[in-house]
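To start, the structure under review is shown below, and the notes come after it.
Small disclaimer: the values here were computed from a predicted structure and weren't measured.
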Amino acid sequence: MSYRLYKKWILSLMFIFIISLIIYLKVSINPKIIKKDWLKSWINNTILDSQLIYIESEKVDVNFDQSLCPFCFGVGYCKQLMDMKVLSNHSINNLHHQTSLLLSNAKIELLSLSSNKWSKYDQFICPKAKVPCSSKSLQTQLQRPLDLQTLQNIFHHYHLSSSLSNFYKCLTQEYFDTLVKAFDNNQDNLLKIDEQLTLMTSILVFPTYANHMFQAQLGTDFSFSKILGACGRIVVQEGHLIPLINYTQTYSSFEVKAGLSLQLIQIIEDFLDMDESWLLVHLRIVPSVFSVTKDGEILVSNLNDLIFIDKKLLNSHDKLKNSQNTLQSKVCNTACLAKFELNFTTSNHTHDCSNVDKYFGSKMWISLCTNLLSSKYTNNNFGLLDFPPSTEQELIQDLIHECVHESSLGGRRSAIDELKALLKNYIKLLEDEDESESKENQDDDDDDDDDDDDNDNNENNDDVNNEPAPIKNEYDKKEELI
């Protein structure tokens with residue numbers, strides 16, 4: 001046997017062995033916790049269908065038991081999960097980005113809560129009854145169908161240890177009506193007791209899901225990650241998302257970070273201005289709240305600390321009160337904002353919501369600048385604009401400083417606008433340079449092609465000139481004589 005045939009034979013055997021091993025793993029591996037990092041990576045990159053693999057992380061109950069409903073997020077996505085052969089009684093990540101592999105190479109993320117958090121909820125809704133209690137027993141305790149006042153009360157008391165609790169007084173009838181429509185599965189304009197309890201579970205236990213449902217009802221795109229549905233006490237989110245911190249470790253050029261910074265600025269602007277009727281306040285503008293798609297688009301993936309505010313409550317919607325707005329009459333930085341937040345926390349009056357856009361709007365801008373754009377003001381070592389080109393460094397640092405410590409009235413928003421324009425110009429210059437370079441390369445290629453064509457033509461001409469004269473036949477000779 002020749003060496004070449006022997007080599008082909010060995011390669012064929014290796015190929016058959018690898019294919020057989022992959023088929024064996026697809027068929028025989030049961031879903032389980034995978035502990036070895038190299039094995040996680042190998043399986044994720046090799047097994048493209050048939051099984052769902054859970055990778056060990058913070059242990060969370062994966063419970064698709066529909067008997068726990070309506071104390072759950074709903075059952076609308078259960079059939080899809082069954083079709084995907086997703087099994088229960090395994091561990092997944094707690095509200096982090098645990099990507100799991102499904103059929104057709106599609107990826108999803110499963111989100112839920114730990115057992116003790118679910119136990120807290122069960123005890124809250126049924127303190128004296130058997131846990132989990134039935135919807136009938138809870139209905140007896142509620143005494144009446146869910147309404148705005150009931151929602152405000154349970155929202156305030158359940159989130160008592162969170163800053164979110166203080167916003168109960170900003171929940172309006174319009175907010176309640178929109179939320180009801182979002183959870184009205186059969187669209188009959190009437191929430192049955194089961195639908196009410198699903199709404200309650202979502203807004204208390206996992207506000208991210210309630211906020212997704214609210215946004216879907218509004219039909220406004222606030223750059224939230226995509227929720228596919230829910231099954232029992234599991235929420236299913238789109239996959240292929242990369243935590244922002246991890247993304248910037250892989251793509252670390254300033255050009256990429258400048259683009260990400262622009263998107264973050266736009267997200268905060270959209271929270272404040274995109275919808276004519278609703279203001280969005282996020283109380284934790286930090287890197288872990290954001291994810292990036294494989295195409296480089298930033299999405300808000302954690303909405304647990306976000307609340308929709310009816311803009312009818314705001315002073316900025318009343319021109320008569322606009323001149324009395326505190327933030328429009330003086331500079332307000334960290335101490336001023338902390339004072340407002342303290343008053344907002346201790347008061348129970350709805351009119352305290354009238355300046356939410358100005359105070360919490362300013363707080364979101366400060367959080368963006370200190371937690372995401374610069375690491376100078378915190379200890380998180382994360383700053384997208386920490387290392388700009390030397391020509392832009394001083395100006396960028398000055399603009400971020402003005403964002404954090406406003407020195408003149410309206411200075412914070414002006415600094416953000418100037419920073420946004422600067423980053424746009426920087427990216428445009430880079431794109432123009434790339435386009436110019438690409439065009440030059442194309443021109444060089446065209447010149448080379450022209451040179452080749454000229455050489456070919458010259459060769460053809462030489463061939464023509466060197467060709468012998470055609471031999472004249474007898475008929476041609478007679479024509480010449482005539």
Side-chain angles (χ1 to χ4, degrees), residues 223 243-249 251-274 280-292 296-300 302 305 327-328 330-341 357-430:
S223 298
L244 177 59
I245 293 177
N246 295 3
Y247 188 86
T248 55
Q249 291 170 350
Y251 305 98
S252 56
S253 70
F254 185 77
E255 180 182 2
V256 170
K257 291 182 176 180
L260 296 174
S261 300
L262 271 176
Q263 290 187 62
L264 289 168
I265 291 173
Q266 188 62 54
I267 286 173
I268 304 301
E269 286 184 341
D270 290 346
F271 281 5
L272 297 172
D273 303 324
M274 176 182 278
L280 280 68
V281 173
H282 203 303
L283 301 177
R284 289 185 69 249
I285 304 295
V286 294
S288 61
V289 162
F290 301 95
S291 299
V292 188
E297 179 186 3
I298 290 188
L299 299 176
V300 190
N302 190 329
D305 296 285
L327 270 183
Q328 292 190 351
K330 69 174 185 178
V331 171
C332 191
N333 291 312
T334 305
C336 167
L337 295 174
K339 182 178 179 182
F340 170 81
E341 194 166 358
D357 57 332
K358 298 301 183 296
Y359 285 94
F360 284 101
S362 294
K363 187 175 180 179
M364 284 194 292
W365 286 124
I366 292 174
S367 297
L368 174 66
C369 291
T370 57
N371 296 330
L372 288 149
L373 301 187
S374 173
S375 62
K376 178 181 178 181
Y377 303 90
T378 60
N379 297 320
N380 63 9
N381 296 321
F382 184 89
L384 291 172
L385 303 181
D386 275 350
F387 302 103
S390 56
T391 54
E392 313 290 351
Q393 185 171 6
E394 185 176 356
L395 178 56
I396 287 177
Q397 289 177 349
D398 289 344
L399 293 174
I400 291 177
H401 186 271
E402 181 66 18
C403 168
V404 180
H405 303 292
E406 188 179 44
S407 61
S408 60
L409 194 62
R412 177 171 293 113
R413 194 58 189 263
S414 295
I416 290 294
D417 291 340
E418 189 174 347
L419 181 61
K420 183 178 177 181
L422 186 152
L423 294 174
K424 277 186 175 180
N425 289 335
Y426 175 78
I427 292 175
K428 187 177 184 304
L429 284 174
L430 291 176

If you apply the rule side-chain contact (heavy atoms from CB on, under 4.5 Å), what do you find for I396 with Y426, and how did you get there? CA-CA 12 Å; I396 287 177; Y426 175 78; over 6 Å; no
Evaluate E402 against D398 for side-chain contact (heavy atoms from CB on, under 4.5 Å), listing each step before the verdict. CA-CA 6 Å; E402 181 66 18; D398 289 344; over 6 Å; no
Between Y359 and C336, does the side-chain contact (heavy atoms from CB on, under 4.5 Å) criterion hold? Intermediate values first, please. CA-CA 9 Å; Y359 285 94; C336 167; 4.0 Å; yes
Audit row: R412, N333, side chain to side chain donor-acceptor pair (under 3.5 Å) steps and yes/no: CA-CA 9 Å; R412 177 171 293 113; N333 291 312; 2.6 Å; yes
Verdict with reasoning, V300 to F271, per side-chain contact (heavy atoms from CB on, under 4.5 Å): CA-CA 11 Å; V300 190; F271 281 5; 4.1 Å; yes
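To the nearest 0.5 angstrom, I285 atom CD1 is 9.0 Å from L264 atom CG. Atom CZ of residue F382 and atom OG1 of residue T370 lie 12.5 Å apart, to the nearest 0.5 angstrom. The distance from the OG1 atom of T334 to the NZ atom of K339 is 15.0 Å, given to the nearest 0.5 Å. Note that the CD atom of E392 and the CG atom of L399 stand 10.0 Å from one another [nearest 0.5 Å]. Atom CD1 of I366 sits about 10.5 Å away from atom CG of N371, to the nearest 0.5 Å. Note that CG of L372 is 6.5 Å distant from CG of L384, once rounded to the nearest 0.5 Å.
The closest side-chain heavy-atom distance from M274 to E269 is not below 4.5 Å. Counting only heavy atoms from C-beta outward, the side chains of L283 and F360 approach each other to under 4.5 Å. The shortest side-chain heavy-atom distance between C332 and F340 does not fall under the 4.5 Å cut-off. Looking only at side-chain heavy atoms (C-beta outward), V281 and D357 stay at 4.5 Å or farther from each other. Considering only heavy atoms from C-beta on, C369 comes within 4.5 Å of I416 through its side chain. Counting heavy atoms from C-beta outward, S291 and L244 have side chains that stay 4.5 Å or more apart. Side-chain contact between E418 and L395: present, with at least one pair of heavy atoms (C-beta onward) separated by less than 4.5 Å. Between D386 and L373, the closest side-chain pair of non-hydrogen atoms is not below 4.5 Å.
Here the side chain of D270 pairs no donor or acceptor atom with the backbone of S223 at under 3.5 angstrom. Although no hydrogens or angles enter the test, the distance criterion places a donor-acceptor pair under 3.5 Å between the side chain of H282 and the main chain of N302. Between the side chain of Q263 and the backbone N or O of G296 there is at least one donor-acceptor pair closer than 3.5 Å. Looking at T248, its side chain does come within 3.5 Å of a backbone N or O of I245 through a donor-acceptor pair.
Look at R413 and D273 and you find a salt bridge, because one of the NZ, NE, NH1 or NH2 atoms lies within 4.0 Å of a carboxylate O, short of that distance. Remark: E406 does not engage K330 in a salt bridge, criterion side-chain N to carboxylate O under 4.0 Å.
The two residues C403 and A415 make their nearest non-hydrogen contact at N-CB, 4.2 Å. When all heavy atoms of S374 and I400 are compared, the closest pair comes out as CB-CG2, 3.9 Å. Of all non-hydrogen atoms in L280 and M364, the two that sit nearest each other are O-CE, 3.4 Å. Heavy atoms only, all atoms of each residue included: Y377 and H401 are closest at OH-CA, 3.3 Å. Closest approach of K358 and S362 over heavy atoms only: O-OG, 2.8 Å. Minimum heavy-atom separation, V331 to L409: CG2-N, 3.6 Å.
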Check residues 254-262 and write down every donor-acceptor pair under 3.5 Å in which the side-chain atom is one partner and the other belongs to a residue at least two apart or another chain.
{"from": "S261", "atom 1": "OG", "to": "K257", "atom 2": "O", "distance (Å)": "2.8"}

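A side-chain donor from one of K420 and Q266 sits under 3.5 Å from a side-chain acceptor of the other. A donor atom on one side chain and an acceptor atom on the other are not found under 3.5 Å apart for S375 and N381.
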